[in-house]
Amino acid sequence: MWYTEIYLSFQELLEKSNIPFVGTRSDECRKAFDKYDASLELNKQGFVTVPNFLVQGSVSDESNLSQWFVRNQLDTHLGKVVVKPTKAGSSIGVTVAYGVTDTLNKANEIISEGIDDKVIVEIFLEGGSEFTAIVLDVGSAFDSQPVVLLPTEVELQFHGNADISEKDAIFNYRRKYLPTQQVAYHTPPRFPLDVIQSIRDGASVLFKRLGLRDFARIDGWFLPPSAHVSSSSESKFGKTDLGTIIFTDINLISGMEQTSFLFQQASKVGFSHSNILRTIIRHACLRFPSLASYNIMSSPLPGTRRSKSSQITEVFPKHLDVRKVFVIFGGDTSERQVSLMSGTNVWLNLQAFDDLEVTPCLLAHTNDYLSKTEPNNKELDVNSRTVWSLPYSLVLRHTTEEVIDACVEAIEPTRAALTSQLRNQVMDDLMEGLKQHDWFTGFDIFNEPPIMLTLKQWVKLAKEVHATIFIAVHGGIGEDGTLQSLLEAEGVSYTGPGVMASKICMDKVATSLALNSLADLGVLTIAKDVRRKEDLLNMPIINTWQELTSKLQCETFCVKPARDGCSTGVARLCCSQDLAVYVKALNDGLLRIPPNSLSKAHGMIEMPNPPPEHLIFEPFIETDEIVFSSKSSNENARGLFWKGQSRWVEVTVGVLGKCGSMYSLTPSVTIKESGDILSLEEKFQGGTGINLTPPPLSIISNEILARCKQHIELIANTLQLKGFSRIDAFVNVDSGEVLIIEVNTVPGMTPSTVLIHQALAEQPPMYPHLFFRTVLDLASERSM
């Protein structure tokens, strides 16, 4: 609610101050952003709408809601509905409810929590397909000419032992912004051509009638003929012989994360990230005469020379003045989705440099493409692994599985022909409007197929074109020295530590052994007990628990995969019942352990897929709880509360440089929002978690911080790290002693990771594109 009020008032403020801005006017925003008001307006404009009911916290709500349930043929005790705030984006607060009582309880929770003062209840749409479409205005200053790009079909997916509540899942905040196999996207959608055209026509009409400007994202549903949606008139827009199209949500400012729908759909029709943003901004400038001069001259779009043809010899042209860079990401481990985020971020940042030709490459999961084409070929050596050289638009996906599916689709003749046909149609529609604008210099992304290579072929190609490999494959062969060994054998330069350092750091036990001699110098290690998964499954839980407590001399443990990271499979176990829950999750192959399944409160625990063969148990290190509250009345405290009882806090630190002279960046203290283990969201998803870089002086003094950095550099140089890495540890705030947790030789490089924060904390600040360029240059220096 507060966000919405500020958001709308901000636009009004800009209008009153005559300050140019991108997007729709405040009056139209207010009507379109409120889901209930928007539904009324859609109905008035002749569109099919989802039957809904408005809850405002009044006494009469229960009686009126019961009547609404009956009118819509819903069981008043079990009828399934969707409950959502009227004014909240990104699916915040959206939930499923059953019956009148449950619906009112959940609606009142939204109101009492201050998310919104009004709640809309809608029937749960069964059996349909959700879609989203970006609309781009290419008309003149005051004559709207909206063009709808290629829509995206949103497919919720359920794997393994999905429970009933998960089968009723909705496209919520987590599924939108966290890489997960719970959702897949198809652009263009797998709908009949007539339906796709009807979606485009309808969204265009909607954009114009509601007075929207510049761009927007419109969400909706395509329901089969069997689905019943009550409508006052059969002539309403959206009724077709093939089914019903319903527009449900109008997003006035579409999400703009790197792989968001805006950039996915724009890249499908020829726009790079910079080009689509430039087009939107310059269109907005048309409304402001004072900005007209900025649209007269337009320089050629950067990066067009990096476009590739379908032939491998032309994909990697041998220009002497341009340095080739292959960014590789993906792999087999549970970290592969974060790896895709990392690789995408590196690839996009390095494109800022005109002397680089950067090619994104996906290391496929061993069970992906080959399982579709060679089901009998189970044992493949590493050289036979598949690497896809990707065109621009195929990189912009949320999961590696989705990228693989898109690659297979792209080389399937029928689907490729359909996509090309629709792409050309949309591009013609765009050019009809854009050709009147002098500032538009053309599309800069070309329609090219992906190239499939074996890993051996890919390494040979890298050698042939003198490419530097930027490794963004987290875990597996990307971090255990295997990929590094293959590259070194061919004399190909690459980022990060060498073969031996990678092998040692990948093995948490070997890392501890390599650092044992540093205890007198202030670097400590944690006792460990390694167990085979099979042993955990076959031994009685109580016996395992007794053995652990006896060997490690503690009652609370931290369990983690022996060769994995990024918080996947990491949990705090306080009793044998917790161990039983964890072992059952391994046995059942669960993808997630639901929040608060263990005795100590915790958030969602993402589990490795497939389950790890070996697990490590360590004594759980009690650190001081650091809490941030925005409600603090003490201005000096800035809402930060720290008891400081154990005197240990958890830090994460990036290191950068050459072997033997690694330099520690400024350590960060990360505040956990739920439980005792950093969740996947808190590490890699924007808008979650709080990183304090540098740590407040009230927690760690400058003297102790300097001592901590010295210890971190000692660890890095002892392990013979080079290039860059990230070290996680506990630090004693009195002595500066460091208790090592793990070393990540291919750390997370997503836009939200703490490594970026630490680079920005340097003096002068090292912005992301400069940070990644520094890492790249370090790789080239060591190969000379």
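What's counted below: heavy atoms across the whole structure, side chains too, no hydrogens, waters or symmetry copies. Since the model is a prediction, treat every value here as computed from it, not as a measurement.
- For OH of Y663, the number of neighbouring non-hydrogen atoms (other residues, nucleotides, ligands) closer than 6.0 Å is greater than 12.
- Atom-to-atom distance recorded for L362:CG and R397:CZ is 12.0 Å, nearest 0.5 angstrom.
- Atoms CD1 and CD, on I542 and Q546 in that order, are 5.0 Å from each other to the nearest 0.5 Å.
- For the atom pair NZ (K584) and CD1 (I541), the distance works out to 11.5 Å, reported to the nearest 0.5 Å.
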Checking side chain to side chain contact (heavy atoms under 4.5 Å, CB included) for the pair V325/F772: CA distance, chi angles, key distance, verdict? CA-CA 12 Å; V325 180; F772 294 129; over 6 Å; no
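- Checked against a 6.0 Å centroid threshold, the rings of F557 and W545 count as neighbours.
- Remark: the T652 side chain and the S668 side chain contain no N/O donor-acceptor pair separated by less than 3.5 Å.
- One finds no salt bridge joining E713 and K709 here, because no Lys/Arg side-chain nitrogen approaches an Asp/Glu carboxylate oxygen to under 4.0 Å.
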Could you check T333 against E479 for side chain to side chain contact (heavy atoms under 4.5 Å, CB included), going step by step and ending with a plain yes or no? CA-CA 11 Å; T333 73; E479 204 163 352; over 6 Å; no
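- At most 12 non-hydrogen atoms from other residues, nucleotides or ligands lie less than 6.0 angstrom from CD of Q720.
- From H769, atom NE2 reaches atom CG of L356 across 11.5 Å, with rounding to the nearest 0.5 Å.
- Side-chain contact between W347 and V395: present, with at least one pair of heavy atoms (C-beta onward) separated by less than 4.5 Å.
- What you find for L697 and N702 is that their closest heavy atoms are CD2-OD1, 3.3 Å.
- Checked by atom type, the side-chain pair R323/S780 shows a donor-acceptor distance below 3.5 Å.
- Between L487 and I471 there is a side-chain heavy-atom pair separated by less than 4.5 Å.
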Does the pair E488 and Y494 meet the rule for a side chain to side chain contact (heavy atoms under 4.5 Å, CB included), with working shown? CA-CA 8 Å; E488 282 195 8; Y494 59 90; 2.5 Å; yes
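- Counting non-hydrogen atoms of other residues, nucleotides and ligands closer than 6.0 Å to NZ of K503 gives a total of 12 or fewer.
- A salt bridge does not link D381 to K456: none of the charged side-chain nitrogens sits closer than 4.0 Å to a carboxylate oxygen.
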Would you sort out whether R336 and D332 count as a salt bridge (Lys or Arg N to Asp or Glu O under 4.0 Å), showing the intermediate values? CA-CA 6 Å; R336 61 188 180 275; D332 278 302; over 6 Å; no
